[in-house]
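Structure, as structure tokens:
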Protein chains: 2
Amino acid sequence: MKIDPNSPADLSAQIANAIRDAIVDGTLIVDERLPSESELADHFEVSRPTVREALKRLAAQSLIRTQRGASGGAFVNRLSYTDAYSQQVTTSTLLLSMNAVSFETACEARYAMERACAPLSARRRSADHLATMRTEIHRQSQPGLTDEAFCASDVAFHRALVDGAGNPVLSYQLAGAVEAMQPLMNMITFTARSREAIVALHTTIAEAIETRDEDASIAALSALETETLGLARRVFAARSAGTPAASHPDDGESHAPEPRFKPRKTTSI
Amino acid sequence: MKIDPNSPADLSAQIANAIRDAIVDGTLIVDERLPSESELADHFEVSRPTVREALKRLAAQSLIRTQRGASGGAFVNRLSYTDAYSQQVTTSTLLLSMNAVSFETACEARYAMERACAPLSARRRSADHLATMRTEIHRQSQPGLTDEAFCASDVAFHRALVDGAGNPVLSYQLAGAVEAMQPLMNMITFTARSREAIVALHTTIAEAIETRDEDASIAALSALETETLGLARRVFAARSAGTPAASHPDDGESHAPEPRFKPRKTTSI
DNA sequence: CACTTTTCATTTGTCTGACATTTAAAAGTC
DNA sequence: GACTTTTAAATGTCAGACAAATGAAAAGTG
């Protein structure tokens with residue numbers, strides 16, 4: 001592991017890259033302890049604060065974890081599905097919110113990927129997955145539900161559908177597509193009628209998954225995509241036409257001219 | 001933006017979370033300049049090194065960029081597709097390499113997602129995408145190609161297929177699935193016969209995309225999945241049976257008992 | 001000897017203060 | 001006015017120090 005002190009790049013970035021590469025290529029293996037900060041500082045011939053900045057960069061990506069105390073130090077972290085999942089969601093959420101990705105584009109990507117899961121889910125779903133889907137459908141039928149709670153339940157329903165495929169890699173990949181859509185969905189107001197349509201389609205999907213009907217599950221997802229897209233178009237058209245009749249009461253503090261993007265609660269760095 | 005000095009968590013982590021949340025929820029907007037490190041240190045009532053550690057955490061996630069000099073500072077970064085893409089690839093690669101994900105699982109996830117793209121690509125692909133696919137097929141037919149070059153070309157082919165769908169969100173999501181598989185694919189030795197089969201299937205896919213035959217593109221991808229899976233199984237079975245006949249010459253320095261995982265070259269943190 | 005308590009060395013977390021380097025803007029010069 | 005020089009502000013880096021956590025060894029105790 002070497003760095004170039006004459007490079008224009010920050011020393012801490014170079015050190016972080018060097019250590020990360022060592023992790024990625026297997027020189028440093030999971031749960032192995034890195035040298036102490038002082039030793040790293042000596043090795044790279046930099047000061048300890050510089051080493052620390054490098055370690056914080058790695059910690060931000062869940063590549064290492066640190067522990068204080070006698071036999072403490074920095075350890076190579078096994079990237080769990082949970083860690084990867086939350087990073088994926090954060091990245092996807094930011095990507096969508098910062099790049100003015102159209103609802104159409106995000107929606108299309110999401111449903112294309114869900115359709116990829118559906119047949120697998122139909123084949124493999126457990127009773128648990130099915131029960132979760134039914135529970136969420138029931139929740140979505142409750143009259144007093146807020147729009148945000150409705151969206152949250154929607155995400156839970158789709159997560160169960162995806163998890164039903166029994167492929168953790170697929171679940172992890174889909175996490176971004178499904179959860180990152182939630183802020184966009186939160187911008188939509190769901191009328192009683194539109195909720196009814198969505199619940200009906202969710203029911204169709206659940207039935208297809210229950211009867212292991214792969215084609216029906218795909219068809220129902222396509223129908224749901226069409227429904228969602230149409231709903232979003234109507235809502236946005238109504239707003240841009242200056243009739244924010246059914247819109248949320250604005251908090252007045254937003255500096256964005258567009259309907260506000262409502263982020264999910266975020267997890268720890 | 002507040003932090004709790006009595007929390008057990010690191011101050012730098014708390015500060016990073018506070019700033020990240022401000023970015024995610026829109027309090028800090030793209031290209032906005034953060035207060036200087038000294039001002040942030042005053043605001044949070046911590047020292048400048050602590051603030052710097054927090055900023056490095058954010059920089060590692062491409063949430064901010066820093067600039068030196070007079071009117072320099074830390075700026076909220078617009079997360080580009082390129083940034084998101086490379087983070088996605090790194091995370092996926094590590095997830096696969098550190099969690100002993102079976103080839104079957106990764107392969108299934110990848111092809112399921114690609115099948116989701118194929119119909120869209122058949123509908124929308126430009127002549128450019130098709131040309132890239134044809135070029136890569138031709139490259140893959142060259143006899144002198146190393147296994148790694150063959151894999152790289154394979155990735156390029158599939159990228160063109162995915163990009164053909166014309167949905168940047170989909171391309172970004174698929175990046176992880178396709179590229180993170182490359183190290184796994186690199187563990188496989190491709191015999192002339194297996195390359196032939198793969199090239200033939202690639203040709204079938206390209207033809208389906210060219211003639212805008214959605215169903216044929218999906219069928220060809222499924223066939224490719226079967227072929228890849230069978231190939232991998234044969235290779236791994238042969239190795240575990242103690243006949244590493246067609247395996248790579250081992251470098252002897254690997255401490256892993258399994259066939260070594262060959263990572264892609266990584267980009268900057 | 002077995003067990004508990006204390007001490008202690010190690011390591012990360014944080015602070016202070018300083019200097020180096022970069023960079024854009026202001027000031028000066030022709 | 002165009003060019004050069006100076007300057008100030010900001011990040012990047014350094015050195016040394018102390019605080020806090022923590023496990024292990026040492027000391028004490030029955």
Side-chain angles (χ1 to χ4, degrees), chain A residues 1-19 23 28 31-77 268-269, chain B residues 1-19 23 28 31-77 268-269:
Chain A
M1 285 199 296
K2 289 278 185 294
I3 61 171
D4 170 20
N6 298 326
S7 157
D10 293 355
L11 294 176
S12 69
Q14 289 185 60
I15 293 170
N17 282 330
I19 296 177
I23 294 174
L28 294 169
D31 292 333
E32 183 170 337
R33 183 181 173 283
L34 270 64
S36 74
E37 294 175 352
S38 307
E39 287 167 339
L40 286 172
D42 289 346
H43 173 79
F44 288 114
E45 297 179 327
V46 298
S47 66
R48 196 160 82 92
T50 303
V51 168
R52 282 183 60 78
E53 287 178 9
L55 295 181
K56 295 314 166 199
R57 295 176 113 108
L58 298 172
Q61 301 186 316
S62 304
L63 265 68
I64 62 169
R65 60 180 186 277
T66 55
Q67 210 172 356
R68 291 172 70 163
S71 57
F75 298 83
V76 178
N77 201 27
S268 176
I269 279 191
Chain B
M1 284 199 298
K2 289 280 184 293
I3 60 171
D4 170 20
N6 298 326
S7 157
D10 294 356
L11 293 176
S12 68
Q14 290 186 58
I15 294 170
N17 282 330
I19 296 177
I23 293 174
L28 293 168
D31 291 335
E32 183 171 338
R33 184 181 173 282
L34 270 65
S36 74
E37 293 176 351
S38 308
E39 287 167 338
L40 286 172
D42 289 345
H43 173 78
F44 288 113
E45 297 178 329
V46 297
S47 67
R48 197 159 81 90
T50 303
V51 168
R52 282 182 61 79
E53 287 178 9
L55 294 180
K56 295 313 167 200
R57 293 177 115 109
L58 298 171
Q61 301 186 316
S62 305
L63 265 68
I64 62 169
R65 61 179 185 278
T66 55
Q67 212 171 358
R68 292 174 68 164
S71 67
F75 298 83
V76 178
N77 201 27
S268 177
I269 279 190

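Below, chains carry the letters A, B, ... as their sequence lines are ordered, and counting in each starts from 1. Keep in mind it's a predicted model, so treat the numbers as computed, not measured.
If you measure from atom CZ of F44(A) to atom C1' of dC14(D), you get 17 Å, rounded to the nearest angstrom. Note: CG (D42(A)) to C1' (dC14(D)) measures 14 Å, nearest angstrom. Distance L34(B) CG to dT11(D) P: 9 Å, rounded to the nearest Å. L55(B) has its CG atom 12 Å from the C1' atom of dG12(D), to the nearest Å. Atom pair R52(B):CZ and dT11(D):P shows a separation of 8 Å (rounding to whole Å applied).
Remark: A16(B) pairs with I269(A), A54(B), R57(B), L58(B) by the side-chain contact (heavy atoms from CB on, under 4.5 Å) rule, at least two apart or across chains. For R48(B), the side-chain contact (heavy atoms from CB on, under 4.5 Å) test picks out E37(B), S38(B), R52(B), with sequence neighbours left out.
Reading DNA chain C from its 5' end, the first and the last nucleotide to sit under 4.0 Å from a heavy atom of chain A are dT10(C) to dT14(C).
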Each nucleotide of nucleotides 18-26 of chain D classed B (base within 4.0 Å of a protein heavy atom), S (only sugar-phosphate) or -, in 5' to 3' order, makes --BBBB---

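Closest approach of A60(A) to A60(B), counting heavy atoms only: CB-CB, 4.2 Å.
With a 4.5 Å cut-off on side-chain heavy atoms, I23(B) and E32(B) do not count as touching. Inter-residue side-chain proximity for I19(B) and L55(B) is flagged as met; some heavy-atom pair is nearer than 4.5 Å. Residues V46(A) and L40(A) are not in side-chain contact: their nearest non-hydrogen atoms beyond the backbone lie 4.5 Å or more apart. Annotation: side chain of V51(A) is not in contact with side chain of H43(A) (no heavy-atom distance under 4.5 Å).
When the nearest nucleotides of DNA chain D are assigned to P49(A) and E37(B) by heavy-atom distance, the more 5′-ward of the two goes with E37(B).
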Side-chain polar contacts of residues 68-77 of chain B - donor-acceptor pairs under 3.5 angstrom, sequence neighbours left out - could you list them?
unit_1 : atom_1 : unit_2 : atom_2 : d
N77(B) : OD1    : R65(B) : NH1    : 3.1
N77(B) : ND2    : S62(B) : O      : 3.3

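Note on R65(B): nothing from the nucleic acid sits closer than 4.0 angstrom, heavy atoms only.
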